[in-house]
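All remarks here apply to the structure that follows.
The figures that follow rest on heavy atoms only: side chains count, while hydrogens, waters and symmetry mates do not.
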Amino acid sequence: MADSYKINVAIGGRNYPISVSSTVEEQGVRAAASKINKLISDYESNYAVNDKQDVLAMCALQFASVIEVNKVMKEEENEANITKISKINSKLESYLNK
């Protein structure tokens with residue numbers, strides 16, 4: 001990375017050095033770490049989980065599933081928009097060919 005610098009973030013009670021290239025990226029990394037730590041805390045207080053690895057796996061699954069659901073929803077939205085545009089395009093072609 002060009003002009004990168006290292007920051008430390010704590011996740012699940014452990015510190016991790018991360019290289020970032022801007023303050024915006026740093027804010028994003030710190031916000032993500034904060035959300036992970038909140039979710040870890042929620043899982044530990046709501047479920048009888050003894051192993052930190054299990055909690056981290058559950059966090060990873062939750063974050064990944066949100067990304068995948070959003071991806072599917074966006075694809076469906078794109079398909080619907082393409083259908084609408086095709087209909088509009090057909091109407092325009094019909095009008096222009098009169």
Side-chain angles (χ1 to χ4, degrees):
M1 271 189 239
D3 298 330
S4 66
Y5 57 98
K6 289 195 183 290
I7 61 170
N8 284 308
V9 292
I11 299 174
R14 288 190 175 179
N15 288 321
Y16 296 93
I18 308 256
S19 294
V20 294
S21 60
S22 69
T23 56
V24 171
E25 186 177 1
E26 179 181 353
Q27 288 173 341
V29 168
R30 291 192 187 281
S34 176
K35 286 181 182 181
I36 292 168
N37 285 323
K38 169 82 169 85
L39 197 54
I40 287 171
S41 176
D42 290 347
Y43 278 130
E44 287 177 336
S45 65
N46 292 323
Y47 300 99
V49 183
N50 296 326
D51 188 0
K52 188 73 80 175
Q53 184 68 33
D54 291 336
V55 175
L56 291 172
M58 292 164 60
C59 290
L61 178 60
Q62 182 165 340
F63 284 115
S65 65
V66 167
I67 290 169
E68 291 303 316
V69 167
N70 286 339
K71 181 179 170 184
V72 169
M73 289 174 61
K74 192 164 279 236
E75 287 172 358
E76 290 174 356
E77 184 179 309
N78 287 345
E79 288 177 19
N81 287 337
I82 289 170
T83 301
K84 288 176 186 177
I85 290 170
S86 294
K87 287 179 182 179
I88 292 169
N89 192 38
S90 293
K91 288 179 181 181
L92 284 172
E93 285 179 357
S94 173
Y95 177 77
L96 293 173
N97 290 331
K98 286 185 180 183

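Counting all heavy atoms, side chain and backbone alike, Pro17 lies closest to Asn8 at CA-OD1, 3.4 Å. For the residue pair Phe63 and Ile36, the shortest heavy atom distance occurs at CE1-CG1, 3.6 Å. Between Cys59 and Ile40, the shortest heavy-atom distance links the atoms SG-CG1, 3.7 Å. Nearest heavy-atom pair, Glu25 versus Ser19, reported as atom, atom and distance to 0.1 Å: OE2-O, 4.1 Å.
If you take CG on Asn70 and CD on Glu77, they are separated by 10.5 Å, rounding to the nearest 0.5 Å. Atom CD of Gln62 is separated from atom CE of Met58 by 8.5 Å, given to the nearest 0.5 angstrom. Rounded to the nearest 0.5 Å, atoms CD1 (Ile88) and CG (Asn81) are 9.5 Å apart. For the atom pair CD1 of Ile7 and OG1 of Thr23, the computed distance is 11.0 Å after rounding to the nearest 0.5 Å.
Under a cut-off of 6.0 angstrom, the local environment of CG in Asn50 is sparse, with at most 12 non-hydrogen atoms contributed by other residues, nucleotides or ligands.
Side chain of Ser41 to main chain of Asn37: no donor-acceptor pair is present (N/O by atom type, distance under 3.5 Å, no hydrogens or angles). Remark: the backbone N or O of Arg30 is not paired with any side-chain donor or acceptor of Ser34 at under 3.5 angstrom. Ser94 places no side-chain N or O within 3.5 Å of a backbone atom of Ser90 that could act as its donor or acceptor partner.
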Determine, stepwise, if the pair Tyr43 / Leu56 fulfils side-chain contact (heavy atoms from CB on, under 4.5 Å).
-> CA-CA 9 Å; Tyr43 278 130; Leu56 291 172; over 6 Å; no
Assess whether side-chain contact (heavy atoms from CB on, under 4.5 Å) is satisfied between Val72 and Glu76, documenting all intermediate values.
-> CA-CA 6 Å; Val72 169; Glu76 290 174 356; 3.7 Å; yes
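Leu39 and Tyr47 fall within a single hydrophobic cluster, where Ile, Leu, Val, Met, Phe, Trp and Tyr are joined by side-chain heavy atoms under 4.5 Å apart, directly or via other members.
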